[in-house]
Amino acid sequence: MDIRIYDDKHALADAAARLIAEEADRDGFSLGLAGGSTPKATYERLAELRVDFSGSTLWLGDERWVAPDHQDSNGFTARQALGSDHGGELVVPDWALGEPETAAAAYELALDRALGGRSPSLVLLGMGDDGHTASLFPGTKALDVTDRRYVANWVDDKQVWRLTATVPFLASADLVVFLVAGESKASMLERVIERGEPFPSRVVAEAASNVVWMLDASAASRLGRPL
Ligand code: 6PG
């Protein structure tokens, strides 16, 4: 397992941005964007480094069921942090369709078109302290979907709809990069990485062919300790 540990969140963001920049330097590149707060520093670093995504497709590994300009929208966060000069095409779900599953199905088709039927090149993922990744939360139905690439997922614990890529779609990427930072993730990382407990982030990592875990020291603080 390829685990890379960085002193702090800034070093993590810089290393992640440089890895993405290196991977992006090819035709037909696509980048699945992680949601949540951790990757924001990476997106801002990509903008600072003026990484050129011309000819590339950027898409959302998952999205909250909110308006596209809502502060909780992953697409909104990505647009804000990446800026508008990167040259890439950011493909996001169409919230105006009004129903989560309708929007997920339409997004699935839009991604097929945008990716030209190819597997994703690079997918960024985060991990929640409950072991979820994208919007694949423990015990939710989307975790068991194998015949779709993108679905709506009811998250009972949060009483919200989410749109999410499925395990097989995420795992089909040429490269999956988990970005995990902060002390609050240390315990779950120990369970997922060292004990191999089948939380959604572990399920995706095991299904993928090429995975890199990029962690800051705080998140990695419980790795390598005697169990
Ligand atoms: C989301 C994300 C989710 C996120 C984790 C970690 O929409 O919230 O896709 O999977 O990556 O919850 O979030 P933080 O980086 O904010 O801890």
Mind checking whether Leu46 and Val123 sit in one hydrophobic cluster, side chains of I, L, V, M, F, W, Y counted as touching below 4.5 Å? yes
Evaluate Lys141 against Val145 for side chain to side chain contact (heavy atoms under 4.5 Å, CB included), listing each step before the verdict. CA-CA 7 Å; Lys141 289 184 179 172; Val145 174; 5.7 Å; no
I'd like to know whether CG of Asp69 has more than 12 heavy-atom contacts from other residues, nucleotides or ligands below 6.0 angstrom. yes
Side-chain heavy atoms of Met127 within contact of Leu189, under 4.5 Å: yes
Can you tell if the side chain of Leu122 reaches within under 4.5 Å of the side chain of Leu19, non-hydrogen atoms only? yes
Any Asp130 side-chain heavy atom under 4.5 Å of Pro138 side chain: yes
Could you see if Val92 belongs to whatever hydrophobic cluster contains Val151? Use Ile, Leu, Val, Met, Phe, Trp, Tyr and a side-chain cutoff under 4.5 Å. no
Minimal heavy-atom distance between Pro68 and Ser73, with the atoms involved, is O-OG, 3.7 Å
Quick one, Glu183 and Ser221 - any side-chain contact, counting heavy atoms below 4.5 Å? yes
Is there a path of hydrophobic side-chain contacts, each under 4.5 Å between heavy atoms of I/L/V/M/F/W/Y residues, joining Leu49 to Met214? yes
Are Asp216 and Lys9 within salt-bridge range, i.e. N to O under 4.0 Å? no
So do Leu143 and Val167 actually touch side chain to side chain, heavy atoms under 4.5 Å? yes
Which pair of heavy atoms, one from Asn74 and one from Gly36, lies closest together, and at what distance? OD1-N, 3.2 Å
In this structure, are over 12 heavy atoms from other groups packed under 6.0 Å from Glu48 atom CD? yes
Trp154 reachable from Val66 in the ILVMFWY side-chain graph, under 4.5 Å edges: no
Report yes if some heavy atom in the side chain of Leu223 is under 4.5 Å from a heavy atom in the side chain of Glu194; otherwise report no. yes
Locate the shortest heavy-atom distance separating Asp62 from Ser135; write the atom from each residue and the value. OD2-OG, 2.5 Å
Report, as yes or no, whether the 6.0 Å neighbourhood of atom CD on Glu206 holds more than 12 heavy atoms from other residues, nucleotides or ligands. yes
Can you find a heavy atom in the side chain of Phe137 that is under 4.5 Å from one in the side chain of Arg162? yes
Got a second to check how far Arg118's CZ is from Ser172's OG, nearest 0.5 Å? 12.5 Å
Distance-minimising heavy-atom pair for Glu197 and Arg191: OE1-NH2, 2.7 Å
Spacing of Leu179 atom CG and Lys185 atom NZ [to the nearest 0.5 Å]: 10.0 Å
Could you tell me the separation between the CD1 atom of Ile193 and the CZ atom of Arg202, rounded to the nearest 0.5 Å? 8.0 Å
Between Phe76 and Trp95, is the gap from one ring center to the other below 6.0 Å? no
Carefully, step by step, assess Trp65 and Asn153 under the rule side chain to side chain contact (heavy atoms under 4.5 Å, CB included). CA-CA 10 Å; Trp65 188 241; Asn153 194 27; over 6 Å; no
Separation between CD1 of Ile20 and CG of Leu124, rounded to the nearest 0.5 Å: 4.5 Å
Which pair of heavy atoms, one from Thr166 and one from Arg148, lies closest together, and at what distance? OG1-O, 2.6 Å
According to a hydrophobic-cluster definition based on side-chain heavy atoms being under 4.5 Å apart (Ile, Leu, Val, Met, Phe, Trp, Tyr only), do Val204 and Val155 belong together? no
Side chain to side chain contact (heavy atoms under 4.5 Å, CB included) between Thr140 and Thr164, intermediate numbers included: CA-CA 11 Å; Thr140 59; Thr164 187; over 6 Å; no
Rounded to the nearest 0.5 angstrom, the NE2-OG1 distance for His10 and Thr42 is 11.5 Å
In terms of ring plane angle, is the pair Phe178 and Trp213 parallel, tilted or perpendicular, where the classes change at 30° and 60°? parallel
Under a 4.0 Å threshold between the charged nitrogen and the carboxylate oxygen, would Arg4 count as salt-bridged to Asp2? yes
Describe, in one word, how the ring planes of Phe53 and His86 are oriented to each other, choosing from parallel (under 30°), tilted (30 to 60°) and perpendicular (over 60°). perpendicular
Counting only heavy atoms not in Asn210, do more than 12 fall under 6.0 Å of its CG? yes
With heavy-atom distances below 4.5 Å as the criterion, would you say the side chains of Leu163 and Pro100 are in contact? yes
What one should report as the nearest heavy-atom pair of Pro93 and Leu60 is CD-CD1, 3.8 Å
Going from CG on Leu115 to CZ on Arg149, what distance comes out if it is rounded to the nearest 0.5 angstrom? 9.5 Å
Checking side chain to side chain contact (heavy atoms under 4.5 Å, CB included) for the pair Leu170/Leu136: CA distance, chi angles, key distance, verdict? CA-CA 11 Å; Leu170 293 171; Leu136 299 167; 3.9 Å; yes
